[in-house]
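Worksheet: one structure, shown below.
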Amino acid sequence: MNALTFTLRHAPEQRLDLSLLTPATLAALSQREIERLSIGTTRLPVVVGDMFRLRGSEAGRIRFAGGHERLDMVGHGLAAGEIVVEGDVGQQAGRLMAGGRLVVAGNAGPLLGSGLKAGRIEVKGHAGDRAGGPLAGEMAGMRGGSIQVRGNAGDRAGDRMRRGLLVIEGDAGDYAGSRMIAGTVIIGGQAGAYPGYLMRRGTIILGREPLQLSPSFVDTGEAAPVFLRLLWRSLEQDGFAVAGLEGSTRRLAGDTAMLGRGEMLLPRKAHTVHDTKDVSSAPMAPPQGIGPKPRKKG
Amino acid sequence: MRKLSLNGVAIDDTYAEAFGMRATAIVITAPNLKWARQAAVTMTGYATSVIGCGCEAGIDGTLRRSETPDGRPGVRVLLFAVSTAELQKQLEGRVGQCVLTCPGTACYAGIDGEETLKLGANLRYFGDGWQISKRFSGRHYWRVPVMDGEFVVEATTGLTKAAVGGGNLLFLASGWDQAMAAAQAAVDAIATVRGAILPFPGGIVRSGSKVGSRYKSMVASTNDAYCPTLRGITISALEPEVGSVTEIVIDGLEDACVREAMRVGLHAAASLGPVRGASRITAGNYGGKLGKFLYPLKELLA
């Protein structure tokens, strides 16, 4: 059987909500029923048949031939199977995915993989702001699974991330890993200002010194933690490109403005290109009220 | 009893009787083999018999860098107990006291199982709130800050209910040196069998036991039928030429591991011949009514 293929007829006139076009929904529908699904987001009605030419029948494998930045919510809630987009996608691609695999050959808009629970997202181009992050009002961003961005990511990548793996092979904007609850963010290229802003727990691994380091991170010295060996091996197995990052062994703890139990790993020889505050040489009183509350005795 | 022999060594036409057990395996790694092995030796100390130690444990073998989860040298340790609860207790106690404390080590699951035992899931609390949870490729690890860096421990390991404990061989020889040579040959050969351990000191036990005792408080006592100094006084199983007897006890993750270990052990010991090694090889059983697994020696001769 052939992958169920949606060939984009022309650039959409309005933003499209493609959250219905997942294997779980389409498996039970005939081609005609699929063509009648409403995907519009304005008063002007739009159905699948208006925008896409359908071919193939295997609903477990969905292919979008041609993409556009107005294609929103692609792979929303995907639980199993594969969705491949041969082009760009709009916002919230792979939001609340619980399994399976989403591949975007082009760029992704903001909130890529928002609230991801499980499964894997790969974007071959760039990603917008708040990759893996929560929608406004949500307590947590991604809570499992993995997102791989081969290009760059916008601001606040991994915002409020709770669990899982976010790998940005290129550069990242400001506040990468902001408000992280836990999980792992890896940025192979250049991170912008204040990575780990207000993070509680979790790990941020940077291939380079960030543009601006938050002063509320504390240098805990050089280390070669064993868990990195597990991480690199796992990344290699899962096909992530991490070459050159293995030397990330200078460890900062933070954000001490919050719980302070997160960590940021930087290359051993921190070559200060930018005006970065060197927190290691600044005398600093032991942070107060950081970490677990002391247990009552007796 | 029919007469069997291998390389001039008399083999009794009898069988070893073994029991079903609960078992688990873990992998201990370290920056070098010395410290991985040290942790394993320490945690498998005082683990010879479930009669008095709670569990039986031993080193299954060393692992190359490519065979361990973190790419460091390591060893695989097997633990056997009579119940899941006891196995859990022994595992956590021994890893907590002997591996967590050992410099440089990390500890991972050494077996997959549908059912699991907690490995680091409770040990993490040693971190006093500073412990870090990490999940990579579907596996869950805990990072516990310790004074030499970090102790990485996998949250759980597998449990098998197909394990077998109590496979055994008895080596009857003219003297102590010959009985030991036969046992040592078997120990060395069994070291290559994956999934089988010999829990006694150096793999060898000299105090084979029988069930029961004349004393009420003892559940097991010396196997007087095989004690050379009691020949003539008790109902002895030893012929006049036998001056010393050694035994090896084998625990395996499954029936096939024990069978293979007994096979290679029997052949290795017999290869010494009746003069340098054992003149006779037999096995211990309880009449076949107690254990679920029987290993007839004649089936191992081929």
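Every heavy atom of this structure was used, including side-chain atoms; hydrogens, water molecules and symmetry mates were not. Just so it is clear, the model here is predicted, and its values are computed rather than measured. Chain A is the first sequence line, chain B the second, and so forth, proteins listed ahead of strands; every chain is numbered from 1.
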Below 4.5 Å from any heavy atom of chain B, which atoms of A:R233 appear? Answer side chain, backbone, both or neither. side chain
Taking all non-hydrogen atoms of both residues, which atom of A:F227 and which atom of B:V152 are closest, and how far apart? N-CG2, 3.9 Å
Spell out the residues in residues 58-77 of chain B that have some non-hydrogen atom less than 4.5 Å away from a non-hydrogen atom of chain A, in order of number; otherwise answer 'none'. B:R65, B:S66, B:T68, B:P69, B:D70, B:G71, B:R72
Per-residue contact mode, B:F151 against chain A (heavy atom under 4.5 angstrom): neither
Throw together a table of side-chain donor-acceptor distances under 3.5 angstrom for residues 183-204 of chain B, partners on residues two or more places apart or in other chains.
unit_1: B:Q184; atom_1: NE2; unit_2: B:D188; atom_2: OD1; d: 2.9
unit_1: B:T192; atom_1: OG1; unit_2: B:A189; atom_2: O; d: 2.7

I'd like to know if A:E263 and B:R143 make a salt bridge, using a cut-off of under 4.0 Å between side-chain N and carboxylate O. yes
Return yes when atom CZ of A:R143 has more than 12 non-hydrogen atoms of other residues, nucleotides or ligands closer than 6.0 Å, and no otherwise. yes
Structural part of A:S146 lying under 4.5 Å from a heavy atom of chain B: neither
Members of residues 40-53 of chain B whose heavy atoms come closer than 4.5 Å to chain A: none
Residue part contacting chain B, namely of A:L230, when any heavy atom lies under 4.5 Å: both
Heavy-atom distances under 4.5 Å only: say whether A:R120 touches chain B with side chain, backbone, both or neither. neither
Other residues, nucleotides and ligands only: do more than 12 of their heavy atoms fall within 6.0 Å of CZ on B:F293? yes
How about residues 133-141 of chain B versus chain A: which residues have heavy atoms under 4.5 Å apart? B:K134, B:R135, B:F136, B:S137, B:Y141
Is it true that, when you exclude A:Q237 itself, more than 12 heavy atoms of the residues, nucleotides or ligands shown sit nearer than 6.0 Å to its CD? yes
